[in-house]
Amino acid sequence: MFNIADAIKSVGEAFIPSPTRHTGLIKSLSEAFTSLFNYFKTAKECQSETELIKDKHKAEEANNIAEKIFLLVDDCRYGFSNDEWKKYLELKKKFNNKD
């Protein structure tokens, strides 16, 4: 995770006079950017997991609604022609095989 305090401390230490001051500054900045990119990567992964969970809940809800529709249509069998009823049964069978 990105820790701003560690990044600032790291960059601050790089300004202490020494023969390798520029190398230390570059290293500190590199570590700060790496930490920042890792933070954004982790945040994106968590967001993706959240989206998957939301999609799963939406699919379950849609499935429950479809099942209620099937039960309602089953009760109205005699309002359909034989061809319509056969088509309905085919679609219902395809839907039930998706589970």
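When a residue number appears, it is its place in the shown sequence, counting from 1.
Using a distance-only test at 3.5 Å, with no hydrogens or angles considered, a donor-acceptor pair links the side chain of Asn97 to the main chain of Lys93. Listed for the Glu84 side chain is a donor-acceptor partner under 3.5 Å among the backbone atoms of Ser81.
Leu72 and Leu89 end up in different hydrophobic clusters when Ile, Leu, Val, Met, Phe, Trp and Tyr side chains are linked at under 4.5 Å.
Applying the 6.0 Å contact sphere to CD of Glu61 captures no more than 12 heavy atoms from other residues, nucleotides or ligands.
The heavy-atom pair separating Asp74 from Tyr88 by the smallest distance is OD1-OH, 2.7 Å.
Summarising the geometry, atom NZ belonging to Lys56 is positioned 15.5 Å from atom CD belonging to Glu51; distances are rounded to the nearest 0.5 Å. Between the OG1 atom in Thr50 and the CG atom in Asp55 there is a gap of 11.0 Å [rounded to 0.5 Å]. In this structure, CZ in Phe70 is found 7.5 Å from CG in Leu91, a value given to the nearest 0.5 Å.
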